[in-house]
Structures are given as structure tokens and as C-alpha cells.
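Every number for a ligand or one of its atoms is a count from 1 in the order of the listing.
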Amino acid sequence: MKNLWLLICISHWAHTAATVDSCTSVAIANPVVPGALVTSLTASMVNDYSINITGENNNWPAQNITVSFCQVNVSLTHPGTGDLVLNQVWLPVTGWNGIFLGIGGGGYVAGSWSSLAPAVQRGYAAVSTDAGHRSNDSGDATSWALASDGNVNQYLLLDFASRSVHDMTVLGKAVTTSFYGSAPKFSYWQGCSTGGRQGMMEAQRYPDDYDGIVAAAPAVQWNDFTPAQQWPFTVMNNEGYAPPQCEFDAVNAATIAACDGLDGLEDGIIAAPGLCNFDPTSLIGKTYICDSDGSQRHFSNKTATVVKKIWQGPLTANGSSAWYGILPGTNFSSLAPTETFSNGTTIPQPFEISDSWYRNFLFKDPNYNTSNISYAQFPALTHQSHQEYDSVMGTADPDLSAFKARGGKMLTWQGLADNLIMPNGTMHYYDQVAALDPTVGDFYRAFFAPGVGHCGGGFGYIPIDILTALRGWVENGTAPGVLEAATAFAINGTIRTQNLCPYPSVSKYTGSGDPAQAASFACESNF
Ligand SMILES: *[C@@H]1O[C@H](CO)[C@@H](O)[C@H](O)[C@H]1NC(C)=O
Ligand SMILES: *[C@@H]1O[C@H](CO)[C@@H](O)[C@H](O)[C@H]1NC(C)=O
Ligand SMILES: *[C@@H]1O[C@H](CO)[C@@H](O)[C@H](O)[C@H]1NC(C)=O
Ligand SMILES: *[C@@H]1O[C@H](CO)[C@@H](O)[C@H](O)[C@H]1NC(C)=O
Ligand SMILES: *[C@@H]1O[C@H](CO)[C@@H](O)[C@H](O)[C@H]1NC(C)=O
Ligand SMILES: *[C@@H]1O[C@H](CO)[C@@H](O)[C@H](O)[C@H]1NC(C)=O
Ligand SMILES: *[C@@H]1O[C@H](CO)[C@@H](O)[C@H](O)[C@H]1NC(C)=O
Ligand SMILES: *[C@@H]1O[C@H](CO)[C@@H](O)[C@H](O)[C@H]1NC(C)=O
Ligand SMILES: *[C@@H]1O[C@H](CO)[C@@H](O)[C@H](O)[C@H]1NC(C)=O
Ligand SMILES: *[C@@H]1O[C@H](CO)[C@@H](O)[C@H](O)[C@H]1NC(C)=O
Ligand SMILES: *[C@@H]1O[C@H](CO)[C@@H](O)[C@H](O)[C@H]1NC(C)=O
Ligand SMILES: *[C@@H]1O[C@H](CO)[C@@H](O)[C@H](O)[C@H]1NC(C)=O
């Protein structure tokens, strides 16, 4: 008992020991990172760092921030590979909440320095990494993908896929412990998209790293959804028709008009996309107003064909479904961008992330012209992607037993109108986890947000503070029955709230009450 009190006193004393003066490279111990060699550690105060976050960013809300913190830069290499990975740990000097937070990246970028600012502001000690790429180009891996002509830089790909995320966690915890004189009480991960994949990867491969993980719109099943992202471009090339964006937008508007009410409430949002059987052939010959120039135009046969194939998703060699498409009601502008010239000609554009994957990692030629990929070639490229990269980038191992056994908790949320990563893939992963462990809901819950795009955007309900919900689960044992009071703005500006229900349940309008209020909805097994 005496020892326990002593321990508590020491840890309390140590907890408050950090000062501006302890923010030096001499005062902070060099971390030990197994398999890596730390090449430098520099530390200094950053005072009044300002950043204005305008949209959802790594699950942080829009906010204007000014923070002061101890910035610790740690460089490391994995001897023999020639890499040099830069990591940053941002430490609040006063008001540390005793918690360590790992922050993920997006697209081909492994981390985010600016996303550390909201963490520090909330009292977290936080870490992120550049995975040795230096590049801040989330859409294109060309600057680092190839070590030489035709030769993928497997070491940097491994750094990006998993190794650097584990390393930054190990070194981040060590730096945090050295700075404050006590270890973090809890460790969390927060990320969306690539950041969501990295969180999943931690749960699957390094289950001891984090007590809790927010893995939003996770880019798992990389070798399924990346080819599926390239599919709309391939469809437009093979059909010889690229709809102007205003035509896609008009299709979307017609789809929403047809399917909005299927969830029991007409609110401009398709909450039951699985019930939406809207057939774009019904549009052929009908007129629409092009919102970019106000002209009146007609939907064509080609429009219907292209839209149907995009919604269907890519096919295998025998014609069965290879992967899901985007759900009805989802914006086409991300995965099926097109450019219209002043002479009226419209051409398809590739989606940059999947196109970069094809050029660099499949064709191993950054200049490869992906316009000429045929329907017949497509399945073989998907197969190649699986063969070469599942073990590195796949991140879809449904066995979370080690994470569960260490008491870990994980939350996923994703927009049903996700314009980059097909939500059905995330549901499929969740189903696979549930098939292995029917008690999945005791440690992992997923929430799908009607009308929300990739990591945010759209007119749907974006959850407000997932990290706090996760902390309540980990620290207090309060499992989130719903993700609370997600807010949304209707197209007309009305503010609405609605709770998100844990998959596979859905949030359904009770049939009475103000549809702008969360209390008018309940979690049901289906619509
Ligand atoms: C950390 O690295 C960043 C980016 O290179 C640099 O701007 C900053 O001054 C560095 N801070 C320290 C403490 O070395
Ligand atoms: C950030 O917002 C503040 C107001 O909160 C404003 O004074 C400042 O100019 C903004 N900075 C930028 C870069 O927009
Ligand atoms: C941030 O500051 C800008 C002015 O630079 C302002 O327009 C915006 O509303 C502020 N955002 C928030 C979330 O306070
Ligand atoms: C990305 O890096 C380039 C070149 O270093 C720089 O000019 C640009 O401002 C950076 N962009 C962002 C968003 O950090
Ligand atoms: C705004 O849109 C919402 C959802 O479509 C609708 O319920 C509400 O009545 C609209 N409000 C006004 C003032 O038009
Ligand atoms: C995709 O998800 C929706 C919404 O949960 C569901 O209704 C639909 O059946 C799923 N589609 C496929 C092909 O699994
Ligand atoms: C559209 O396709 C249908 C069925 O293939 C065909 O009968 C019709 O002539 C086509 N219309 C146009 C305008 O090409
Ligand atoms: C079609 O191919 C897929 C794999 O590419 C396979 O899983 C499926 O069983 C095949 N279906 C038929 C009908 O042969
Ligand atoms: C329209 O303009 C584009 C871009 O300048 C050009 O490539 C294309 O050949 C033109 N098409 C026609 C039919 O003139
Ligand atoms: C790629 O191929 C397409 C179709 O053959 C052609 O129109 C386009 O100009 C090519 N792009 C480049 C950059 O060569
Ligand atoms: C969808 O994309 C179009 C551009 O094609 C844009 O005008 C519109 O605001 C987007 N809608 C949503 C909900 O993101
Ligand atoms: C745990 O519960 C206590 C008491 O209700 C509350 O004050 C605290 O904020 C909760 N902690 C978390 C992380 O939710």
C-alpha cells in the first residue's frame, strides 16, 4: 500500500515536471526503435503556431488554432535500406492529459504535421511520420515509388504501408515518457482513409501499440478498391463516351429524387442506398439543364451505360462482380472526373491515386498511358495487384483476436456517399470480422453516415467527436450505442442532427417528430 502511494506521488510529481527548459535534445532521451537506427533527435519550443482548419481533417472539426508546444523531431533509418524517415512528436508543455495520440495520413501521404495542432490544443502528446517519402503529394506516388527504372522501392512502400507507423508509435511513446517523466496512461490512434488503413494495420499487426483506434473510411482491401477506383475511367475509355460533369450531376439529382424517400424520410439524402434500384436507362431521351452553362440537353444511351457500369463496379474475367461500385447518390466527380473543352468535347480523366498505382506499382513506368486499358485486360491487373501487394498493402486480415485480447477498442465511421472508397467494402470487412467472432461488437463497432462523402463533405450527418466516444469506451467501459448528434446542413442551410447507429442497424425516422432532431430517429434492423 505504501509503495502504491509512493508510486502515485512520484508519478504525480513527474507528470508536472515538464517545462520549457526540458524541451531540449539533451534533456530528452534518444528512443530505441527495434530494427531502426535513430540518426537524430532535435527538440525546441514552437510558440504561437497558428493554423486554420477549414474542413474535416483527420476527424478534427474545422477550427482556428494557435498553440505552443515542444516539437521533437526524430529521424531514423533502417540500416541497409537507405531510407530516412522523419517523425515529429508535439508535446504540450502544460496541461498534458496523460494521453498519447498517433495521427495518420491520407492518400499516398503517411502522416500530417498540421493535424498534430488540434491534438496539442486538446492536451494530447501526438506523433506523425513522413514514412521516408518527404513528399506531401497525397494523389501521386511518382516521386518515391520507383527506386530505379522498372524497380519498385519495396522498402519505402513497406515504410508507407506499416513499418513507419509502428516505429513512430514506439519512438513517440518513448519521447513522451522521457519528456514528462511518466508513461502515457492510454494510447490512441486517429485517422481517416489512409489514416484509417494505418489504424487497422496497427490493430491487425501491432495490436499492443494502441488501446483505442479510430479507423475512419479505412483504405483496407487496397488491391480491391484501388482497381475499382480506376474502373470509371476504364469504362469511359472503353465505351468511348465521357459525360460532362453536369450530366453526372443531373443523373445524381434524378437518383436522389427517386430514392430519397425509401428510408422513410424525404430529406435530400439517400439513407437506404441498398434499396435504390433506380435504372439510368429510364433517363434516356429525357432533358436536363446543365448546371454549368444553363443549357438544355438530353440524356443519351451512353450516359445510361456508363452510369450503370460505374455503379456495378469492376467485373472478374468470368463476368462476376470483382468489387463494389460507389453507392447511388454518390458524387461522380471524384472517381469519374471529366474535362469539357470550349468546343464542347469532353474527355475522361483518371482518378489520380488509382492511376498512380497502375502506372508506378503495376506497370512500373510513371509515364504509362492508362487510357488504353481494355475491359479484357482489367481483371488481370487486379489479380497482379493482389499477388504483388496484398501482404504489404492489403490490411484486411479479419482476425482481430490479439487486439481484442489486449482489451483494445476500435471505431470505424464512413460516409455512405463516400466518393473514393466503396462503403460496401468496409461492411464486407466488418462482416468477416463478425463471422470469425460473433462478439465483435464488444470491441469493434462501425457506423455509416448517410449522405456523407469521403472523410466528410456532402449534406449528411458527420459525427462530431469520435475520439471522445472511443475514450469513454476504453477508459470508462462505456460502449457507444450510437455516435451522437452528428450534424448536417440541408441544402437550404437548415441545421439537422441525427445519431449514427452501429452497423448493421440503421437510423430510421420514427414517422413523427421534427426530422431535424436526433430524437425523431431510432436504430432499427432495417428500413
Ligand atoms: C522539425 O522539422 C521541421 C520540418 O523540417 C522544421 O521546420 C522544424 O524546425 C524542426 N524542428 C526541430 C525542433 O528540429
Ligand atoms: C485564421 O483565422 C484568424 C481568425 O480566427 C485570422 O485572424 C487569421 O488571419 C486566419 N489565418 C489565415 C491564414 O487564414
Ligand atoms: C477561422 O477564421 C476565419 C477568418 O480567417 C473565419 O472566416 C472562420 O469562420 C474561422 N473558423 C472557425 C471555425 O472559427
Ligand atoms: C508541398 O511541398 C511543396 C514543395 O516542398 C510546397 O511548395 C508546398 O507548399 C507543400 N504543400 C503543402 C500543402 O504542404
Ligand atoms: C430545408 O430542407 C429540409 C430537408 O430537406 C426540409 O425538411 C426543410 O423543410 C427545409 N426548410 C426550408 C425553410 O425550406
Ligand atoms: C451495399 O451496402 C448497402 C447499404 O448497407 C446494402 O444495402 C447493399 O446490399 C450492399 N450491396 C452489396 C452489393 O453488397
Ligand atoms: C439506345 O439503345 C437502344 C437499345 O440498344 C436502341 O434501341 C436505341 O435505338 C438507342 N437509342 C439511340 C438514340 O441510340
Ligand atoms: C468467377 O471468378 C471468380 C474469381 O475471379 C470466382 O470467385 C467465381 O467463383 C467465378 N464464378 C464462376 C461462375 O465461375
Ligand atoms: C476540342 O478541343 C480539344 C482541346 O483543345 C481538342 O483536343 C479537340 O480535338 C477538339 N475537338 C474538336 C472536335 O474540335
Ligand atoms: C493516351 O492514349 C490516348 C488514347 O490512345 C490518347 O488519346 C492520349 O493522347 C494519350 N495520352 C498521352 C499523354 O500520350
Ligand atoms: C458533386 O460534384 C459537383 C461537381 O461535379 C459539385 O458541384 C457538387 O457540389 C458536389 N456535390 C457534393 C454533395 O459534394
Ligand atoms: C468517465 O466517466 C466520468 C464520470 O462520468 C467522466 O467525468 C469522464 O469524462 C469519463 N471519461 C471519459 C474518457 O469518457
**Asked** Taking Thr346 for the side chain and Pro243 for the main chain, is one N or O donor matched with an acceptor at less than 3.5 Å?
**Response** no

**Message:** Show the atoms of ligand 9 that are less than 4.0 angstrom away from any heavy atom in Phe341.
**Reply:** 2 (O), 3 (C), 4 (C)

Using a 3.5 Å cut-off and no angle test, enumerate the donor-acceptor pairs between side-chain atoms of residues 27-42 and protein atoms at least two apart in sequence or in another chain.
{"residue": "Thr39", "atom": "OG1", "partner": "Ser75", "partner atom": "O", "Å": "3.2"}
{"residue": "Ser40", "atom": "OG", "partner": "Ser75", "partner atom": "OG", "Å": "3.3"}

Can you pull every nitrogen or oxygen pair between ligand 1 and the protein closer than 3.5 angstrom?
{"residue": "ligand 1", "atom": "2 (O)", "partner": "Asn73", "partner atom": "ND2", "Å": "2.3"}
{"residue": "ligand 1", "atom": "11 (N)", "partner": "Gln71", "partner atom": "OE1", "Å": "2.8"}
{"residue": "ligand 1", "atom": "11 (N)", "partner": "Asn73", "partner atom": "ND2", "Å": "3.0"}
{"residue": "ligand 1", "atom": "14 (O)", "partner": "Thr42", "partner atom": "OG1", "Å": "2.7"}
{"residue": "ligand 1", "atom": "14 (O)", "partner": "Asn73", "partner atom": "ND2", "Å": "3.1"}

**Request:** Using atom types as modelled and distance alone, determine if a side-chain donor or acceptor of Asn87 lies under 3.5 Å from a backbone N or O of Thr129.
**Result:** no

**Item:** Trp96 ring center within less than 6.0 Å of Phe179 ring center
**Value:** no

**Request:** List every atom of ligand 5 that sits less than 4.0 Å from any heavy atom of Thr494, numbering the atoms from 1 in the order shown and giving each element.
**Result:** 1 (C), 10 (C), 11 (N)

**Request:** State, without any angle test, whether Asp48 and Thr66 hold a side-chain donor-acceptor pair at a distance under 3.5 Å.
**Result:** no

**Complete:** ligand 5 atoms nearer than 4.0 angstrom to some heavy atom of Arg496 are 4 (C)

**Fill in**
residues 107-133 vs salt bridge (charged side-chain N to carboxylate O under 4.0 Å, His left out), sequence neighbours excluded, gives Asp130-Arg134

**Prompt:** Looking at residues at least two apart in the chain, or sitting in another chain, which of them share a salt bridge (charged side-chain N to carboxylate O under 4.0 Å, His left out) with Asp159?
**Reply:** Arg163

